[in-house]
Amino acid sequence: MLIRNLQKGPMLDVVTLGESMIQLVPMRAGRLRHARRFERFVAGAESNTAIGLARLGHRAGWISRLGAGEFGAAVKASIRGEGVDVSQVIHDEAASTGVYFKERRRAGATYVHYYRARSAASGLRPEDLDPTYIQQATYLHLTGITPALSASCRAAVRQAVALARKAGVLVSFDPNIRQKLWPPEEARPVLLSLLAEVDLVLTGAGEAELLAGEADPEAAARKLLEAGPSLVVVKQGAQGALAVSEDVAAERGALSVDVVEPIGAGDAFNAGFLAGQLRGWDLDASLRLGNVAGALAMTAPGDVEGLPTWAEAEAYLRGAVPVER
Ligand code: KDG
């Protein structure tokens with residue numbers, strides 16, 4: 001039996017769609033086989049971005065499926081607690097919420113281990129999407145993780161894009177290639193065909209190279225631009241980010257922070273960049289906000305705990321590191 005929340009959704013700046021999971025992080029670095037104590041978080045690329053947007057003062061909604069048990073309740077409560085609309089989440093009594101572990105062998109070497117095959121979110125399908133929910137948003141934000149989960153997820157992503165385009169909703173897309181979910185040769189054609197349908201691509205430099213076959217980030221962005229989007233942003237970690245459209249904008253050198261854990265930085269960057277665009281900022285300023293959000297996300301062991309509020313982001317943009325006295 002499927003249970004859908006009947007609460008009516010508000011007008012949203014950004015609607016996202018994808019899987020979020022229980023994330024278990026060992027309390028100490030080392031091999032996972034030796035880890036005995038874990039801290040529990042909630043994570044998922046799309047909900048991470050939605051939470052980042054909510055922290056920055058935007059209205060975001062997240063569409064998904066979760067199990068009907070305790071973990072599903074925990075994921076939903078956590079995302080709702082961050083101010084993201086979860087009215088479209090379906091609880092599936094026949095499937096489980098995905099779980100994944102981070103393994104921090106040493107500083108800078110984090111591995112992930114998924115327990116998500118046949119999860120509730122893998123059952124997401126086109127019929128789950130309420131057209132009016134997607135069509136009232138300014139942006140629909142998707143990632144390449146969802147089409148990797150199952151054929152029905154792939155169809156749901158295509159349906160979401162079609163609904164958005166029909167209503168003039170801008171589509172942003174992060175390829176987020178997860179090689180543990182599908183090999184690059186399977187991912188590449190699917191992701192390239194999706195790029196033809198989206199407005200904005202937010203990609204990591206390695207993924208841009210994989211998709212475009214160009215190692216230089218600007219050359220890769222230009223090649224991806226030919227696939228259809230009007231704007232391609234390449235995230236380059238500590239080197240900052242680059243945006244290519246008719247104009248080229250570059251924000252070199254991201255904010256320098258003490259990195260606790262890098263996973264989730266890309267999702268945070270996406271939130272910052274989208275927030276800049278929603279505020280009508282130019283490319284340079286949007287990249288800067290993306291870099292600030294991306295850097296601050298890495299200051300905590302979970303994906304979202306370090307995401308900045310608007311006041312914090314603004315202070316960092318002004319170069320004034322906030323200190324509470
Ligand atoms: O970007 C961080 C996320 O990718 C991670 O927390 C979990 O969504 C996730 C995934 O599918 O890898």
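Just so it is clear, the values below take in all heavy atoms, side chains as well, and ignore hydrogens, waters and symmetry mates. Start at 1 and go down the list; that is how both ligands and their atoms are numbered.
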Practice item. Start with the C-alpha gap between L274 and L200, add the side-chain angles, then the distance that decides, and say whether side chain to side chain contact (heavy atoms under 4.5 Å, CB included) holds. Key: CA-CA 10 Å; L274 287 172; L200 161 61; 3.7 Å; yes

Exercise for review: Starting from atom 2 (C) of ligand 1, find the nearest protein heavy-atom neighbour and note its residue, name and distance.
Suggested key: D267 OD2, 3.2 Å

Check your understanding: By number and element, which atoms of ligand 1 are closer than 4.0 Å to a non-hydrogen atom of I263?
Key -> 2 (C)

Exercise for review: For A43, take its heavy atoms, then give the atoms of ligand 1 lying under 4.0 Å from any of them.
Suggested key: 6 (O)

Point to revise | Element-labelled atoms of ligand 1 that are located less than 4.0 Å from some non-hydrogen atom of G44 | key: 8 (O)

**Study point:** Side chains of R158 and S193, donor plus acceptor under 3.5 Å
**Key:** yes

Check your understanding: For P301, does its backbone N or O pair with a side-chain atom of K102 as donor and acceptor, under 3.5 Å?
Key -> yes

Check your understanding: ligand 1 versus M21, non-hydrogen atoms closer than 4.0 Å: side chain, backbone, both, neither?
Key -> side chain

Check your understanding: Counting heavy atoms only, which of Y114, F41, Y100 is nearest atom 12 (O) of ligand 1?
Key -> Y114

Review point. Atoms of ligand 1 less than 4.0 Å from D303 heavy atoms?
Key: 2 (C), 3 (C), 5 (C), 6 (O)

Exercise for review: Identify the protein heavy atom lying closest to atom 8 (O) of ligand 1, giving its residue, its atom name and the separation to 0.1 Å.
Suggested key: A45 N, 2.9 Å

Check your understanding: At their closest point, which heavy atom of L194 faces which heavy atom of P147, and how far apart are they?
Key -> CD1-CG, 4.1 Å

Point to revise | Check: H141/S172 side-chain N/O donor and acceptor closer than 3.5 Å | key: yes

Practice item. For side chain to side chain contact (heavy atoms under 4.5 Å, CB included), just list the numbers for T146 and E46, CA-CA rounded to whole Å, side-chain angles, deciding distance to a tenth of an Å, and then say yes or no. Key: CA-CA 9 Å; T146 317; E46 301 82 1; 3.2 Å; yes

Exercise for review: For atom 11 (O) of ligand 1, state which one of R178, K180, R116 supplies the nearest heavy atom.
Suggested key: R116

Check your understanding: Is R116 positioned over the aromatic face of Y100, cation under 6.0 angstrom from the ring centre and no more than 45 degrees off axis?
Key -> no

Check your understanding: What part of L181, side chain, backbone, both or neither, has a heavy atom within less than 4.0 angstrom of ligand 1?
Key -> neither

**Study point:** Candidate pair I177 and L211, rule side chain to side chain contact (heavy atoms under 4.5 Å, CB included), full reasoning
**Key:** CA-CA 10 Å; I177 301 175; L211 290 173; 4.2 Å; yes

Exercise for review: Consider every N or O of E19 and every N or O of ligand 1, then say whether any pair is closer than 3.5 Å.
Suggested key: no

